[in-house]
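Everything below concerns the one structure shown next.
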Amino acid sequence: MSSNFFIQKAKEIQIVIDANAPEIEKLDQEIGDGDHIFNVQRGIKLVIELESTIKDLTASKALSQIAMKVLSGIGGSSGALFGTLFMTMAKGNGIDEGIDYKKAIEIFAQGVEAVKQRGKADVGEKTMMDVLIPVSNCLKKGVEENKNKNEILSEAIDIAEKGMLSTKDLLATKGRASFLGERAKGHIDPGARSSQLMIKTVCESVLNS
Amino acid sequence: MSSNFFIQKAKEIQIVIDANAPEIEKLDQEIGDGDHIFNVQRGIKLVIELESTIKDLTASKALSQIAMKVLSGIGGSSGALFGTLFMTMAKGNGIDEGIDYKKAIEIFAQGVEAVKQRGKADVGEKTMMDVLIPVSNCLKKGVEENKNKNEILSEAIDIAEKGMLSTKDLLATKGRASFLGERAKGHIDPGARSSQLMIKTVCESVLNS
Amino acid sequence: MKKFMNTADNFLKESLQGFGAAHKDIVNCYYDPNFITRASPTKDGKVALISGGGSGHEPMHGGLVGHGMLDAACPGYVFSSPTPDQMLAAAEKVDSGAGVIFIVKNYSGDVMNFEMAAEMMSGPNASVLTNDDVAVEDSSFTTGRRGVAATVVVEKIVGSLAEAGGSLEECKKLGDKVNKNSGSMGVALTSCSVPAAGKPNFEIGDDEMEFGVGIHGEPGRRRDKIKSAQEVTSELLEAINEDLKPEKNEEILLFVNGMGGTPLTELYLIFDNAKNVLDKKNIKISRSLVGNYCTSLEMQGVSITLTKLDEELVKHWDSSVLTAAMRWGM
Amino acid sequence: MKKFMNTADNFLKESLQGFGAAHKDIVNCYYDPNFITRASPTKDGKVALISGGGSGHEPMHGGLVGHGMLDAACPGYVFSSPTPDQMLAAAEKVDSGAGVIFIVKNYSGDVMNFEMAAEMMSGPNASVLTNDDVAVEDSSFTTGRRGVAATVVVEKIVGSLAEAGGSLEECKKLGDKVNKNSGSMGVALTSCSVPAAGKPNFEIGDDEMEFGVGIHGEPGRRRDKIKSAQEVTSELLEAINEDLKPEKNEEILLFVNGMGGTPLTELYLIFDNAKNVLDKKNIKISRSLVGNYCTSLEMQGVSITLTKLDEELVKHWDSSVLTAAMRWGM
Ligand SMILES: Nc1ncnc2c1ncn2[C@@H]1O[C@H](COP(=O)(O)OP(=O)(O)O)[C@@H](O)[C@H]1O
Ligand SMILES: Nc1ncnc2c1ncn2[C@@H]1O[C@H](COP(=O)(O)OP(=O)(O)O)[C@@H](O)[C@H]1O
Ligand SMILES: [Mg+2]
Ligand SMILES: [Mg+2]
Ligand SMILES: [Mg+2]
Ligand SMILES: [Mg+2]
């Protein structure tokens, strides 16, 4: 995995997010403040603009630059959280010696753990953690159980979708939707939806490669 | 004519103005600022509320109280103009010795003359003067020509209506509608309409008495 | 129409009461007839400034009563000019013997009612008539142009001179000068509703704006499709400059005024866009004012006022002022 | 959506530029990362106050930068909290060695971004978290309550203490106290549109209001049919009083805040109606503030904030302040 890989995935994510933008926008309007889609789109655009800047950098330096862009370019809850995810991944042990899918899963799991600490949210609180934590767990377990890569990725795609859908009937206890009490029920969490789409895009792209 | 007469006429006017309120409101919204109907309705209401206060007063004193109410209660252009009309009429010579229709016409004409001076508008400027001046002239002429009362009043009703209708195609050069230039064309002047309705009501009422 | 109100009849009264209670250190409110004075009496020998007009333009004029500006304001019903008894009562309270300046916006209702008050008054008085709205063609055969946001500037500057001991004549002269040095024009994105009417004063499409709108929602020069802020600003300034003809390197006050429902962010954006235009023309923004000062109820709209400045005007603009809506130096 | 703007992308930048140009005597604006500081540097040894949050709430916070209030403000994109690099750059500029107080409204985005900045900072710092919105149930298991208009009061009072030489610890303590002494609740008549979205954040019927609305148009306690101003005011105060439990004869600050599209007249009317309620309960309005301070773009709405006062708070409320949006005593 190189800086080129990151930019390619960002471009693929951009296509998927743009295609689902109206839905994501609506979700944050319903139980948030309506900015989530713009935050995410801005972040992706800024990352893609890094292409030439990071093209000859090591993975750690490239990820670190991506992390700073995400952190400084997105804003809001998702900016802090996605920023934390990438900042942690950039600090992953030995990533400059090459990132295979196992390494990728390892640093992703570390990133999700950091996000969990930053946001103090766990599964069941109607946030992106309902996607990130189960996916991270599923990926780790797949590696532990020595499943093959494609199997692991397919499972992750399913788990992400389940996690995203699970947010619908939850009461929110973290994030902006928590202010709504019962009124948040019946709506999918926007951050869960955008995270799920990103995970799906990357997993499918790697699956088919 | 006594204070009782004034109050009775005010009550009759109130019924007619209320019935035509939506139209008058719309006229001032189209070429003015939309308050004319409320100004007029407030004025009429305040005059009617004077009933017990003025019931034993002489005509001049009663008219003078009415004039003060109109002046202080209406506001806007129409408040100053109708106020001037009544203030002048209240000062009419010898009105406490009785007001027959000739006297009434005399003081009305004096009032209109004062209104004309106050507003500096003449016939053809798309204001209430397009009603008041022709009516005043017609009434004076009728008396001069010794026409009978009913004939004079019927003519006045016609003249008022014609004057009011004439404002439709005029360019406004006085009042708020003057700010509109060409865009004021095609709309009847609200003050012309309310004045015409009041004149019609009083004339018809006296005709039938 | 959506408003925080109880009944249309009580709208003005309750609002005045709240204003009086919230600013009792600055103003006193009187009722029947309605007028607002400074909390402390006009000092002896100071010319008294009285303004007034229909309500719905707040903070103008009540919010401009206080040290360095007005001595009294007479609020009429919403969009209806006040009546002579209000002005007489106000004058009686604040005239300290040096006379009264009436600051009157050029609308026939305001002009006639203030004129009647002036005629009924015994003491010395003079009137300054504001007519800064360049959207309307000026002509001696008609009512002429409307008085709009420059009235705030006139009140500030004349208020300062009066505070400094200017005579009735000097105040009148300075007021006329500020008015002559000022030009304004406005544009509306939405309409406004008079409480008693309960519905918008005019209809306007979702993609339309009224260019040259008056502060009562009177139609302006034309109905346009909505344009970008920079285009709108350029066109407003063009119309004003055509009339005011500021010289190169001339110093001006740039006043971006909201019509009541326009958020500050947008007013500052217009200020920025106006600066682009003026910078290019080498007209120097020497003083600035941005905010909702001369409003039209809840209308979303903006007006731009330019006032050409000289040393005298700058001095009186900068001097201390303490009112509910404008305050500096104290 | 009707707004004066050019492109959604440039909305914030142009507005900031206009703000900076219109108030260059009071503030400096910096870009990439965006932040606003006082025009004159923080004096040595004075604790620096930094606040920030999503844009769309103007004049909060940029309009509150200046003597006696904030040293710097970090505006995020519209309704999106600012990012750590903004806070770090601002802190770098204004920290005079005595440390930095971050004033943060309780939203997870703001909290996390300010937290990250605080962690990355080398110098001493502390945060005051405001959470005055009683519309939301407080609970330690959740994010808790939103920070809304009382943030303005916190900034004024802590700003005064910092100006008077208060230490980092004292400022933090006083900020927490003001927040604890305050309760707010809002109601909206109309929605608001994020420029990038181009359409309203929520739909609301012509006869409806959102009771307990958040300052980003987040849904509140319930959707109601529009009620009279007196009923709305009474219900807002009831909710606040239930939480704040002011004593009989307690002195309070009554702050009637507009949400951006509400004309002053209506805010004063609400002030009057609130006074009716408080007078009956023998709660004493000792200080007052009325205006659009903590807004939600062009939303027509109002919030009421009560702050229980004591001698210390009154002293710091009354002290001189010179910012674009709040100014007295100088
Ligand atoms: N404490 C938290 N932990 C994890 N995720 C959170 C937390 N708070 C918010 N989120 C996520 O952030 C999303 C909202 O992001 P965004 O709209 O960009 O920011 P904001 O809520 O500040 O407007 C939510 O849908 C939720 O998934
Ligand atoms: N100078 C004037 N002379 C005569 N009539 C006038 C003059 N100015 C205005 N009017 C009349 O006043 C009417 C408007 O009255 P109104 O709406 O109550 O006051 P305003 O125009 O101040 O809002 C106009 O329709 C017109 O007939
Ligand atoms: Mg959001
Ligand atoms: Mg009118
Ligand atoms: Mg009027
Ligand atoms: Mg947000």
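Reminder, nothing fancy here: chain letters follow the sequence lines and each chain counts from 1. Values in this document were obtained by computation on a predicted structure and should not be read as measured data.
- With chain C as partner, the option from B:Leu71, B:Leu180, B:Ile74 having the largest number of non-hydrogen pairs under 4.5 angstrom is B:Leu71.
- Counting non-hydrogen atoms of neighbouring residues, nucleotides and ligands closer than 6.0 angstrom, the CG atom of C:Asp207 exceeds 12 such neighbours.
- Every residue two or more places apart in sequence or in another chain that forms a salt bridge (Lys or Arg N to Asp or Glu O under 4.0 Å) with C:Asp176 is listed here: C:Lys172.
- Within the structure, no pair that satisfies the ring pair (Phe, Tyr, Trp, His ring centres under 6.0 Å) test touches residues 76-100 of chain B, not counting sequence neighbours.
- Most heavy-atom pairs under 4.5 Å with chain C: of the set B:Leu171, B:Leu81, B:Ile37, this distinction falls to B:Leu81.
- No other option in B:Gly119, B:Gly34, B:Gly83, B:Gly175 has as many heavy-atom pairs under 4.5 Å with chain C as B:Gly175.
- Only the side chain of B:Phe38 comes within less than 4.5 Å of a heavy atom in chain C; its backbone stays farther off.
- In this structure, chain B has a heavy atom under 4.5 Å from the backbone of C:Val78, while its side chain stays farther away.
- Contacts between C:Pro33 and chain B at a heavy-atom distance below 4.5 Å are absent for every atom of the residue.
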Taking only distance into account, so ignoring hydrogens and angles, what donor-acceptor contacts under 3.5 Å exist between chain C and chain B?
unit_1   : atom_1 : unit_2   : atom_2 : d
C:Ser80  : OG     : B:Asp35  : OD2    : 2.4
C:Ser80  : OG     : B:Asn39  : OD1    : 2.7
C:Ser80  : OG     : B:Asn39  : ND2    : 3.1
C:Ser81  : O      : B:Gly76  : N      : 3.1
C:Ser81  : OG     : B:Gly76  : N      : 3.0
C:Thr83  : OG1    : B:Ser72  : O      : 3.4
C:Ser108 : OG     : B:Ser77  : OG     : 3.0
C:Gly109 : N      : B:Ser77  : OG     : 3.0
C:Asn113 : ND2    : B:Gly76  : O      : 2.9
C:Glu115 : OE1    : B:Arg118 : NH1    : 2.9
C:Glu119 : OE1    : B:Arg118 : NH2    : 2.6
C:Glu119 : OE2    : B:Arg118 : NH1    : 3.0
C:Glu119 : OE2    : B:Arg118 : NH2    : 3.4
C:Thr143 : N      : B:Thr173 : O      : 3.1
C:Thr143 : OG1    : B:Gly175 : N      : 3.0
C:Thr143 : OG1    : B:Ser178 : OG     : 3.3
C:Lys199 : NZ     : B:Glu25  : OE2    : 3.1
C:Asn201 : ND2    : B:Asp33  : O      : 3.0
C:Glu210 : OE2    : B:Arg183 : NH1    : 3.0
C:Glu210 : OE2    : B:Arg183 : NH2    : 3.1
C:His216 : ND1    : B:Arg176 : NH1    : 3.0
C:Glu218 : OE2    : B:Arg176 : NH1    : 3.0
C:Gly220 : O      : B:Arg183 : NH1    : 2.9

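- For C:Leu244, the side-chain contact (heavy atoms from CB on, under 4.5 Å) test picks out C:Ile240, C:Pro246, C:Leu306, C:Lys308, with sequence neighbours left out.
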